[in-house]
Enquirer: 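Quick one: structure below, then a few questions.
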Number of protein chains: 2
Amino acid sequence: MFMGATTKNGLDIAKKSREIVKDKIKNILGKDIIKYSNEEIGIIERVVHATADEEYAKLIKFNNNPIKNGIEGIRNNCSIVVDIGMVEAGIRYNKVYNFINDKETFKIAEKEQITRAAAAMRVAKSHINEGIVVIGNAPTALYEVIRLTMEENIKPKLIVGVPVGYVKASESKELLCKTKIPSITTTGPKGGTPVAVAIINGIIALSKNERV
Amino acid sequence: MFMGATTKNGLDIAKKSREIVKDKIKNILGKDIIKYSNEEIGIIERVVHATADEEYAKLIKFNNNPIKNGIEGIRNNCSIVVDIGMVEAGIRYNKVYNFINDKETFKIAEKEQITRAAAAMRVAKSHINEGIVVIGNAPTALYEVIRLTMEENIKPKLIVGVPVGYVKASESKELLCKTKIPSITTTGPKGGTPVAVAIINGIIALSKNERV
């Protein structure tokens, strides 16, 4: 299997698309392409494939050895905690947790006057420690995970933090880049669930020694 | 509820974001903004909010009275057929069908040598007739739905057809624009699951007389 394709037809499309994407990334990164490892380029290709938006080649940031740490986590069958159902639905892995509709999440959100996305991360705390967090939507979830690492000594193996939008998303991702947490993120307001899913499925493929 | 937000904090972010998005759309559309109805502008705002990519204001096409037809379908509690789980996960509606992992889909894909996404549309045929189709990923699914309308007299109320990618996606959407089917789509390779979900959730909101 390559990129979720299970039929010859689907596989042909995925392969042809990746060739086109490869060229677009070469063009947009220019000489800077040598700054990236093959694995990193593979991850970037998946994101551009998923969005048809080559600008992502310039926006994606890899901080603190995220791919190596992510692969280690996956090989240890760690939990993956996500912010919303659309991310959950896209990840090809057997231990994905989504607490956005959990009873406890509603309670905490109400009591603490925070978003459900943030409350859900608090509920997921034990899974986030030594686990992977994938945030494709909510900046408030990313802020909460960063808080957990700073104030409650929670240590994620990797944060894929690509919340999207014009309110708080850029700022939350800039803060993530300043931490020592292994992370993959984007600069600016762009991001979203397909970006998040493309990144983590790339890391899952690498963990199985499949083509990224 | 507005745009899925259920807490005050979440609602504040959604509202603030929409104000910013409104300005960006005004800038990018310029005088052309008068060509759009308020409902259409609402749908465009949702897409730009979901992607943080204002280019979508120029890419979204409304063909053959799609909003009115979509609202009618929803009010009649019609089926919504989707191409993949990420789209299914995002739609706030009680009759969403996804046949991508159906046994029959695997059989047809194998026998006819087509993608699973296309085969799933064939399996969904009876739901597509008088129903709504939402495609956020697979151009082959969109081609198959168009074929069903032409060769098998299937009549969808609305197609939200925004497959993404550099292979076949643009072409499939251009073909959609040439048909008489009520549709909402994008020009070029861009599209994807958040775009699809933003559009259909906007129409669902309108059908309930909620703010789009």
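Each chain gets a letter, A, B and so on, in the order its sequence line appears, and its residues count up from 1.
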Enquirer: Does A/Glu152 have more than 12 heavy atoms from other residues, nucleotides or ligands lying within 6.0 Å of its CD?
Expert: yes
Enquirer: Just checking B/Glu110: does its CD atom have more than 12 heavy atoms from other residues, nucleotides or ligands closer to it than 6.0 angstrom?
Expert: no
Enquirer: Pick one of side chain, backbone, both or neither for B/Ala50, based on which atoms fall under 4.5 Å of a heavy atom in chain A.
Expert: backbone
Enquirer: Considering only heavy atoms, which portion of A/Ala138 lies under 4.5 Å from any heavy atom of chain B: side chain, backbone, both, or neither?
Expert: neither
Enquirer: If we define contacts as heavy-atom pairs under 4.5 Å, which of A/Glu54, A/Lys8, A/Glu88 has the most with chain B?
Expert: A/Glu54
Enquirer: Is it the case that over 12 heavy atoms from other parts of the model lie below 6.0 angstrom from the NZ atom of B/Lys95?
Expert: yes
Enquirer: So do the side chains of B/Val197 and A/Met86 get within less than 4.5 Å of each other, counting heavy atoms only?
Expert: yes
Enquirer: Give the minimum heavy-atom separation between A/Pro189 and B/Ala52, together with the two atoms involved.
Expert: O-CB, 3.4 Å
Enquirer: Calculate, to the nearest 0.5 Å, the distance between atoms CD and CG belonging to B/Glu55 and A/Asp53 respectively.
Expert: 7.5 Å
Enquirer: State, with a plain yes or no, whether a side-chain heavy atom of B/Thr193 is found less than 4.5 Å away from one of A/Thr193.
Expert: yes
Enquirer: As a quick check of understanding, evaluate side-chain contact (heavy atoms from CB on, under 4.5 Å) for A/Thr7 and B/Ile114, giving each step before the final call.
Expert: CA-CA 7 Å; A/Thr7 60; B/Ile114 57 178; over 6 Å; no
Enquirer: Checking side-chain polar atoms at under 3.5 Å, does B/Glu19 have a donor or acceptor matched by the opposite partner on A/Tyr166?
Expert: no
Enquirer: Check whether B/Thr140 gets within reach of chain A through its side chain, its backbone, both or neither, counting any heavy atom under 4.5 Å.
Expert: side chain
Enquirer: So which heavy atom on B/Ile13 is nearest to which on A/Thr115, and how close?
Expert: CD1-CG2, 4.5 Å
